[in-house]
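Read the numbers this way: they start at 1 and go in the same order the structure lists the ligands and their atoms. Only this structure's heavy atoms are used, side chains among them; waters, hydrogens and symmetry mates stay out. The first residue in the sequence is number 1, and the count goes up from there.
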Amino acid sequence: MIIGVLNQKGGVGKTTISVNLAASLARNGARVLLIDADPQGSALDWAAARNGDPLFSVVGFPRPSIHKEIGQIGQGYDHIVIDGPPRVTDLARSAIMASDIVLIPVQPSPYDIWAADEVVKLIDEAKVYKENLKSVFVVNRKITNTAIGRDVGEALAAYPILVLTATVTQRVVFAEAATQGKSVYEIDAGGAAAREIEAVKDELMGFL
Ligand SMILES: Nc1ncnc2c1ncn2[C@@H]1O[C@H](COP(=O)(O)OP(=O)(O)O)[C@@H](O)[C@H]1O
Ligand SMILES: [Mg+2]
């Protein structure tokens, strides 16, 4: 499965979700590749911060030809996660075209909900060429027991894209893990953050 984690908006959690989702897929013994398609190279920085054995392979490929080269780059892997770039449209378009499913992280904020229309447009365009392309929103940095946290799903319903039931809460463990190039599983395997990522993975798997 090729999962593209995309949103033209920066800071929504693309890299955070990409590395932890890749870790979650790799936990069952699958061979997983994380492609860093962001010229800023945050996923590569994450891998560089790590001591010890890698959980999965990470390569940088911030070029608008991912969709053409994914077959070659992804050879021998069971699952591929693409950590998408912010802003750069041609890179995002290529990453979308390379994906089986596009996962769009959005924060529970009106700015994020409005900004999502950019990636939704790109997905619409891509569907002309790739009829079977799937796409879903995932709410990230949800703050428990807030009205905005509850209403975000409703606000996103204005888009013709499903919202995952699984959500990812604002938790400091995500940043703490990243500092050490680790996934939340390695910090707290049975913890709430790991369970949320697991639920996102399971729901995504159900789509394919
Ligand atoms: N669920 C979360 N809980 C706490 N911090 C988060 C969460 N998701 C992302 N962050 C933090 O928000 C910032 C932006 O996240 P990042 O994954 O880099 O976004 P993007 O890749 O979309 O730019 C980072 O500092 C990251 O640690
Ligand atoms: Mg990023």
Worksheet item: Can we say Asp112 and Lys9 salt-bridge, meaning some charged N sits less than 4.0 Å from an Asp/Glu carboxylate O?
Response: yes

Practice prompt. To the nearest 0.5 angstrom, please state how far the CZ atom of Arg63 sits from the CD1 atom of Ile35.
Written response: 10.5 Å

Item to complete: Give a yes or no on whether the backbone of Ala166 and the side-chain of Glu203 come within a donor-acceptor separation of less than 3.5 Å.
Response: yes

Fill in: Student check: side-chain heavy atoms of Ile104 and Leu6 closer than 4.5 Å
no

Discussion item. Any salt bridge linking Asp83 with Lys14? Criterion: basic side-chain nitrogen under 4.0 Å from a carboxylate oxygen.
Written reply: no

Fill in: Contact check, side chains of Leu164 and Leu103, non-hydrogen atoms, under 4.5 Å
yes

Discussion item. Checking the side chain of Glu186 only, and the main-chain atoms of Ser183 only, is there a donor and an acceptor separated by less than 3.5 Å?
Written reply: yes

Worksheet item: Using a distance threshold of 2.8 Å, what protein N/O/S atoms lie below it relative to the Mg ion (ligand 2)?
Response: Thr15 OG1

Worksheet item: Is any side-chain N of the basic residue among Arg171 and Glu196 closer than 4.0 Å to the acidic one's carboxylate O?
Response: yes

Would you tabulate the polar-atom pairs, meaning N/O of ligand 1 against N/O of the protein, with distances under 3.5 Å, reported to 0.1 Å?
residue	atom	partner	partner atom	Å
ligand 1	1 (N)	Asn140	OD1	2.9
ligand 1	1 (N)	Thr169	O	3.0
ligand 1	3 (N)	Arg171	N	2.9
ligand 1	3 (N)	Arg171	O	3.2
ligand 1	8 (N)	Asn140	ND2	3.0
ligand 1	12 (O)	Arg141	NH1	2.8
ligand 1	17 (O)	Thr15	N	3.4
ligand 1	17 (O)	Thr16	N	2.8
ligand 1	17 (O)	Thr16	OG1	2.6
ligand 1	19 (O)	Gly13	N	3.0
ligand 1	21 (O)	Lys14	N	3.4
ligand 1	21 (O)	Thr15	N	2.9
ligand 1	21 (O)	Thr15	OG1	2.9
ligand 1	22 (O)	Gly11	N	3.4
ligand 1	22 (O)	Val12	N	3.1
ligand 1	22 (O)	Gly13	N	3.0
ligand 1	22 (O)	Lys14	N	2.9
ligand 1	22 (O)	Lys14	NZ	2.9
ligand 1	23 (O)	Gly11	N	2.7

Fill in: Note: Lys201-Glu198 ion pair, threshold 4.0 Å (strictly below)
yes

